[in-house]
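Take a look at the structure below.
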Number of protein chains: 2
Amino acid sequence: MIKISELGEKTGLSPHTIRFYEKHGLIEASQRSEAGYRFYSEADVRRAEFVKAARSIGFSLDDIAQLLSIRLDKTSHSCQEVTDITRHKLDEVNERIAELQTMQRSLQLLLKSCSGGPENATHCSIMETLEAGSSPVTERGDES
Amino acid sequence: MIKISELGEKTGLSPHTIRFYEKHGLIEASQRSEAGYRFYSEADVRRAEFVKAARSIGFSLDDIAQLLSIRLDKTSHSCQEVTDITRHKLDEVNERIAELQTMQRSLQLLLKSCSGGPENATHCSIMETLEAGSSPVTERGDES
DNA sequence: CTTGACCTTAGAGTTAACTCTAAGCTTATA
DNA sequence: TATAAGCTTAGAGTTAACTCTAAGGTCAAG
């Protein structure tokens, strides 16, 4: 049985974060000392490591709560439930990447159009594009 | 001179958002009626459109505040200041894309490894990977 | 027995960009 | 003149995942 700071060292989570996860139902200490100190078993450590691994892949705490409930009783959950959660997360990630790539293209076009030199900004083409009220990417070309 | 809802229609911003931007110094009504109603001039509209354009490219409100102060006196700011802001934003976007692509690869690997079928999750390879406490991407291969 | 490191709790603060609410005033229309 | 639509303000709520604070209890070492 180890204390919260040791669990923190093993998992790379801070004691604060561990307590925060506990409040959200992700991690629990299987024992408490008389004084109320949390004590974690090997199984608790594995659960915490699971949470950490899922978190660092990008799953939300809600996703992880679902994965943990599957983990607790694998025989009554299907592989498909797990892939559904994973695929849903991948969809979110793909969508966000697409948004960011639109920004990326806009920003690259802005930079390409502008000298970036020390002359004053009176004729700065970035400013001009923004003044025109149009994004450099969505300006034109939305129709095939 | 137009009222806030009309400015909203012209720019695609809600009146709420326009007031919010005002509180943050981005937009101002050049006049108020006796009753305190905001009235916007053509120049105000152009400024609001500038904000909207910058926002939809992905600039933060802080970035936009900087761009607006350049816009107000272009002769005392250089092109380079504008490109610096833009490049900095592009760096952020690139960094975020890279993070998301790492998640994307992890999630794709998880999905590839798993049947996703209706059988129970006892031997689900996604669960196994997470149990192992390692991300499928950073597992190995960080050293050339 | 004191010092210092560590633990406890409840609850507040952080970040960004909105978004909404409440309570009341104004204005245009029927 | 009544009604509805729209405007005002200050301020609270939303989201996610922490992160920190305050005030105090515990424990091992010297």
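So you know, we letter chains A, B, ... as the sequences are listed, proteins then strands, and number each from 1.
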Legend entry - Spacing of B:Gln31 atom CD relative to D:dC7 atom P, expressed in whole Å: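 The distance from CD of B:Gln31 to P of D:dC7 comes to 17 Å, rounded to the nearest Å.
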Inset, instruction - Give the rounded distance in Å between these two atoms: NE2 of A:His24 and P of D:dA17. - result: 9 Å
If you only use heavy atoms from C-beta on, which nucleotide in [options] is closest to the side chain of [X]?
{"X": "A:Arg19", "options": "C:dC20, C:dT8, C:dT26", "result": "C:dT8"}
{"X": "B:Ser33", "options": "D:dA17, C:dT27, D:dT19", "result": "C:dT27"}
{"X": "B:Ile4", "options": "D:dT8, C:dC18, C:dT9", "result": "D:dT8"}
{"X": "B:Lys3", "options": "D:dA17, D:dT19, D:dC7", "result": "D:dC7"}
{"X": "A:Tyr37", "options": "C:dC18, D:dG25, D:dC7", "result": "D:dG25"}

Inset, instruction - Take B:His16 and B:Phe59, find for each the nucleotide of DNA chain C with the closest heavy atom, and name the residue whose nucleotide sits nearer the 5' end. - result: B:Phe59
Legend entry - Residue mapping more 5' on DNA chain C - nearest nucleotide basis, A:Lys23 or B:Leu61: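 The answer here is A:Lys23.
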Answer yes or no: does a side-chain N or O of [X] lie under 4.0 Å from OP1 or OP2 of [N]?
{"X": "A:Arg55", "N": "D:dC18", "value": "yes"}
{"X": "B:Ser5", "N": "D:dC7", "value": "yes"}
{"X": "B:Arg38", "N": "D:dT8", "value": "yes"}
{"X": "A:Tyr21", "N": "D:dC18", "value": "yes"}
{"X": "B:Arg32", "N": "C:dT26", "value": "no"}

Inset, instruction - Using a 4.5 Å cut-off on heavy atoms from C-beta on, say whether the side chain of B:Ile27 contacts that of B:Tyr40. - result: yes
Inset, instruction - Determine yes or no for a side-chain-to-main-chain donor-acceptor pair under 3.5 angstrom, with A:Glu6 supplying the side chain and A:Lys3 the backbone. - result: yes
Inset, instruction - Indicate yes or no for a side-chain donor-acceptor contact from A:Glu81 to the backbone of A:Ser78 under 3.5 Å, with no hydrogens or angles considered. - result: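 Checking the backbone N and O of A:Ser78 against the side chain of A:Glu81, a donor-acceptor pair under 3.5 Å is found.
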Legend entry - No-hydrogen, no-angle side-chain donor-acceptor test under 3.5 Å, B:Asp44 and B:Ser30: yes
